[in-house]
Amino acid sequence: MLELKKRLSSILESPKHNTEEKLQKVCHLLDQEIPYFNWTGFYFKNGDKDELILGPYVGAPTDHTIIPYGKGICGQVAVSNETFIVPDVKLQDNYLSCSIDTKAEIVVPIFKNGVNIGQIDIDSHTLNPFTKEDLEMLEWLCHEVSKIV
Ligand code: SME
């Protein structure tokens with residue numbers, strides 16, 4: 001995990017790429033390195049609107065390019081300001097399906113100056129796959145991302 005964090009840091013610190021390119025590279029690296037991360041992407045608050053707009057991602061195209069606050073796992077995190085780990089998406093009522101293959105999901109908020117400005121969303125094709133180390137790494141990553149957005 002230390003090695004992965006170093007590689008993530010070097011992407012985020014690179015002077016050669018703009019923010020969007022950096023976030024795209026972050027998605028690619030996570031997708032490549034963690035076999036049970038099967039859709040990895042960022043959502044951000046859409047201007048003044050109480051909705052999320054899809055940012056850089058890696059994985060199957062999703063219909064959910066705009067998500068109103070409160071809807072789905074992502075929309076709930078936009079309101080609760082708390083990480084949401086879903087070990088089994090079938091057990092969730094307020095869930096927006098992106099792919100029939102998705103079995104689990106984790107959404108971690110990104111705070112800038114204490115304000116919830118977006119999130120990283122990971123879908124998995126494996127049931128209950130996310131570890132404490134994943135959670136810790138993703139919270140660290142969101143903190144690092146907040147410095148460049
Ligand atoms: N499952 C999410 C929607 C986004 S897709 O997974 C990419 C949700 O319930 O908010």
Side-chain angles (χ1 to χ4, degrees), residues 1 4-5 7-8 11-12 17-149:
M1 214 44 109
L4 179 60
K5 281 186 180 175
R7 292 173 69 190
L8 289 165
I11 290 171
L12 294 172
H17 301 287
N18 65 31
T19 299
E20 185 148 340
E21 290 166 340
K22 289 177 184 182
L23 296 182
Q24 188 69 59
K25 283 173 178 290
V26 163
C27 293
H28 272 293
L29 182 59
L30 292 176
D31 180 75
Q32 186 185 300
E33 291 301 311
I34 306 188
Y36 50 87
F37 282 17
N38 305 119
W39 189 97
T40 299
F42 289 92
Y43 283 94
F44 289 98
K45 182 170 168 63
N46 193 10
D48 290 343
K49 298 182 191 160
D50 281 343
E51 64 183 29
L52 296 161
I53 184 164
L54 181 61
Y57 71 95
V58 168
T62 175
D63 289 341
H64 305 297
T65 52
I66 297 277
I67 300 179
Y69 276 26
K71 295 271 186 217
I73 308 303
C74 296
Q76 290 178 77
V77 168
V79 175
S80 72
N81 302 324
E82 281 174 15
T83 292
F84 199 156
I85 299 176
V86 181
D88 182 352
V89 296
K90 271 202 250 128
L91 304 178
Q92 292 295 318
D93 292 334
N94 190 358
Y95 165 70
L96 301 169
S97 176
C98 165
S99 150
I100 50 160
D101 296 322
T102 298
K103 295 201 167 63
E105 177 161 3
I106 181 170
V107 178
V108 180
I110 300 169
F111 297 98
K112 179 107 184 160
N113 303 322
V115 177
N116 185 344
I117 56 148
Q119 50 192 240
I120 190 165
D121 177 18
I122 320 268
D123 288 358
S124 180
H125 297 170
T126 304
L127 266 180
N128 196 17
F130 304 113
T131 65
K132 256 192 232 161
E133 289 74 24
D134 295 331
L135 173 62
E136 192 272 330
M137 180 274 291
L138 291 171
E139 289 184 336
W140 168 86
L141 173 62
C142 285
H143 183 71
E144 295 304 301
V145 165
S146 77
K147 297 176 188 170
I148 66 151
V149 291

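The first residue in the sequence is number 1, and the count goes up from there. As the structure lists them, so they are numbered: ligands from 1, and atoms in each ligand from 1.
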Return the residue, atom name and 0.1 Å-rounded distance of the protein heavy atom closest to [atom].
| atom | result |
| --- | --- |
| atom 6 (O) of ligand 1 | D123 OD2, 2.8 Å |
| atom 3 (C) of ligand 1 | L96 O, 3.5 Å |
| atom 8 (C) of ligand 1 | I73 N, 3.3 Å |

Donor-acceptor pair, [X] side chain versus [Y] backbone, under 3.5 Å?
| X | Y | value |
| --- | --- | --- |
| N94 | G70 | yes |
| K112 | S146 | yes |
| E105 | S124 | no |

L12 side, atom CG; T19 side, atom OG1 - distance, nearest 0.5 Å: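 Spacing of CG (L12) from OG1 (T19) equals 9.0 Å.
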Nearest-0.5 Å distance, CZ of residue F37 to NE2 of residue H125: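 Between F37 CZ and H125 NE2, I get 13.0 Å after rounding to 0.5 Å.
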Best match, E105, Q119, K71, H64: closest heavy atom to atom 2 (C) of ligand 1: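 Looking at heavy atoms only, E105 sits closest to atom 2 (C) of ligand 1.
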Quick one: which ligand 1 atoms are inside 4.0 Å of a heavy atom on [X]?
| X | value |
| --- | --- |
| D121 | 4 (C), 5 (S), 6 (O), 7 (C) |
| Y43 | 4 (C), 7 (C) |
| W39 | 7 (C) |
| C98 | 5 (S), 6 (O), 7 (C) |

Polar contact flag for C74 and ligand 1 (N/O pairs, less than 3.5 Å):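 Yes; at least one N/O pair falls below 3.5 Å.
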Other residues, nucleotides, ligands: >12 heavy atoms within 6.0 Å of K49 NZ: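 Counting other residues, nucleotides and ligands, NZ of K49 stays at 12 neighbours or fewer.
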Atom NZ of K25: over 12 foreign heavy atoms under 6.0 Å: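 Open.
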Within-shell test, Y57 vs ligand 1, heavy atom, strictly < 4.0 Å: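 The answer is no: ligand 1 sits nowhere under 4.0 Å from a heavy atom of Y57.
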